[in-house]
Amino acid sequence: MLAILNVVLPVFALMALGNLAVRFRLFPSEGVRGLVLFVNNFATPCLLFNALATADFSTAFRWNVIGPFYVGALTVFVLGIFIAAKVFRNRPGESVTSGFSAFFTNTVLIGIPVMQRAYGHDALVTAFSIIAFHASVLITLGMLVMELVRRDGAPLHKALGVAAVRIVSNPLLWGIVLGAAANLMKLELVEPVEAFITMMAAAVTPAALFGLGGALNDYRLSENWAQALSLALLKLIVQPLIAYVLMVHVLHVDHEFARYGILLAAMPTGINAYVFATYYNRGVNVATNTVLISTVLSVLTVSGWLYLLGL
């Protein structure tokens, strides 16, 4: 238990510091967005590049880990849509936002810091093999389903075009692509360049957690908290449970690698759920509450998964 506290407490303490700093105006609220953009657009691409440039691809891309992760994600996507439509009587577009909120993982701002604290640098290579497909696959799927169900939907080819632009312009993808290319070409960086990338990568954990904690001040519970709670439980418990069953009991994946994929699946809902909801103006309150509730509850659920998976 002490080992779990050693992993979890520093991570969520940084988030709490960011939250309190913004709440008591010790850090400007307008600076939070800039900090998160720095993490997503500059620091994390350097971290991805550095990890993939030195990775052993023969062990990095384990499809018996990647596959169950996405099976769990797609399952809760369907369940989230079904619960929103049948239990909470949401309209089709709002139901898709609920499904998106249930399956889009906070892989960067929380996932990477927790993985690194729990299992060290070796875990990041496997985590990045999942992250490599995460935004591109899930955002594209979410946009396609939304365009198919909403009454005022745009033509399908337009949705595909918007998704393609979002994917290609994503700095995380560029960090992955360039890192993989450097690995395949066996590129060796000169010392100043390597030092620059290493220093940028080191900024990810403190900046990401502080920024996310500050950003949570923008979220407030509304009348949709019950629906958001059900989606948060899908994200924090059902999705990693599906990955666990498939990896451990069906595919018999080596425990060392299985726990990387399962723990990443157990991370809370990512802020992109809110971005997705505001883009379509569908279910914004539900998405906002899901991000807030899942992030707060993850203090307990992530600790539980760490206990189950072992450190």
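Taking CD1 of Ile197 as the reference point, atom CG of Asn50 lies at 6.5 Å (rounded to 0.5 Å). From Thr75, atom OG1 reaches atom CD1 of Ile242 across 4.0 Å, with rounding to the nearest 0.5 Å. The CG atom of Leu297 sits 6.5 Å away from atom CG of Leu229, with the distance rounded to the nearest 0.5 Å. Considering CD1 of Ile112 and CG of Leu209, their distance stands at 10.5 Å, rounded to 0.5 Å.
Under a 3.5 Å cut-off, the side chain of Ser29 and the backbone N or O of Val22 do not form any donor-acceptor pair. Using a distance-only test at 3.5 Å, with no hydrogens or angles considered, a donor-acceptor pair links the side chain of Arg282 to the main chain of Tyr280. Although no hydrogens or angles enter the test, the distance criterion places no donor-acceptor pair under 3.5 Å between the side chain of His134 and the main chain of Thr107. Put simply, the side chain of Asn106 never gets that close to the backbone of Gly270: no donor and acceptor are under 3.5 Å apart. Side-chain N or O atoms of Asn90 include one that pairs as donor or acceptor with a backbone N or O of Phe88 at under 3.5 Å. Judged by distance alone, with hydrogens and angles left aside, the side-chain atoms of Trp305 form no donor-acceptor pair with the main-chain N or O of Leu264 at under 3.5 Å. Side-chain atoms of Thr269 come within 3.5 Å of backbone N or O of Ser101 as a donor-acceptor pair. At least one donor-acceptor pair under 3.5 Å links the side chain of Thr278 to the backbone N or O of Val275. Of the possible polar contacts, one joining the Asn217 side chain to the Gly214 backbone as a donor-acceptor pair under 3.5 Å is found. Side-chain atoms of Glu94 come within 3.5 Å of backbone N or O of Arg91 as a donor-acceptor pair.
Among all heavy-atom pairs drawn from Val36 and Leu109, the shortest one is CG1-CD1, 4.3 Å. Residues Ala43 and Met200 approach most closely at CB-O, 3.5 Å, considering heavy atoms. Ala232 approaches Ile293 most closely through the heavy-atom pair CB-CG2, 3.9 Å. Closest approach of Asn64 to Met247, counting heavy atoms only: O-CG, 3.7 Å. Nearest approach of Gln227 to Ser98, heavy atoms of both residues: NE2-OG, 2.8 Å. The shortest heavy-atom contact between Ala228 and Asn289 is CB-CB, 3.3 Å.
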Tyr70 and Leu138: side chain to side chain contact (heavy atoms under 4.5 Å, CB included), yes or no, with the steps? CA-CA 9 Å; Tyr70 285 103; Leu138 301 192; 4.2 Å; yes
Pair Leu47-Phe128, side chain to side chain contact (heavy atoms under 4.5 Å, CB included): steps then yes or no: CA-CA 10 Å; Leu47 178 64; Phe128 292 156; 3.9 Å; yes
Evaluate side chain to side chain contact (heavy atoms under 4.5 Å, CB included) for Ile262 paired with Arg259, printing each intermediate quantity in order. CA-CA 5 Å; Ile262 297 165; Arg259 62 185 183 176; 5.5 Å; no
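Classification of the Phe210-Phe27 ring pair by plane angle, with boundaries at 30° and 60°, yields perpendicular. Using cut-offs of 30° and 60° on the angle between ring planes, the pair His249 and Tyr244 is perpendicular. Using the six-membered ring where Trp is involved, Phe100 and Phe103 have ring planes that are perpendicular, over 60° apart on the 30 and 60° scheme.
When only modelled atom types and interatomic distance are considered, Lys235 and Thr290 share no side-chain donor-acceptor pair under 3.5 Å.
The local environment of CZ in Phe133 is crowded, with over 12 non-hydrogen atoms from other residues, nucleotides or ligands closer than 6.0 Å. Asp254 CG: more than 12 foreign heavy atoms inside a 6.0 Å radius.
The shortest distance between side-chain heavy atoms of Leu124 and Met115 falls below 4.5 Å. Residues Asn40 and Val108 form a side-chain contact, since some pair of their non-hydrogen atoms from C-beta on lies under 4.5 Å apart.
Between Phe77 and Phe104, the distance separating the two ring centers is not shorter than 6.0 angstrom.
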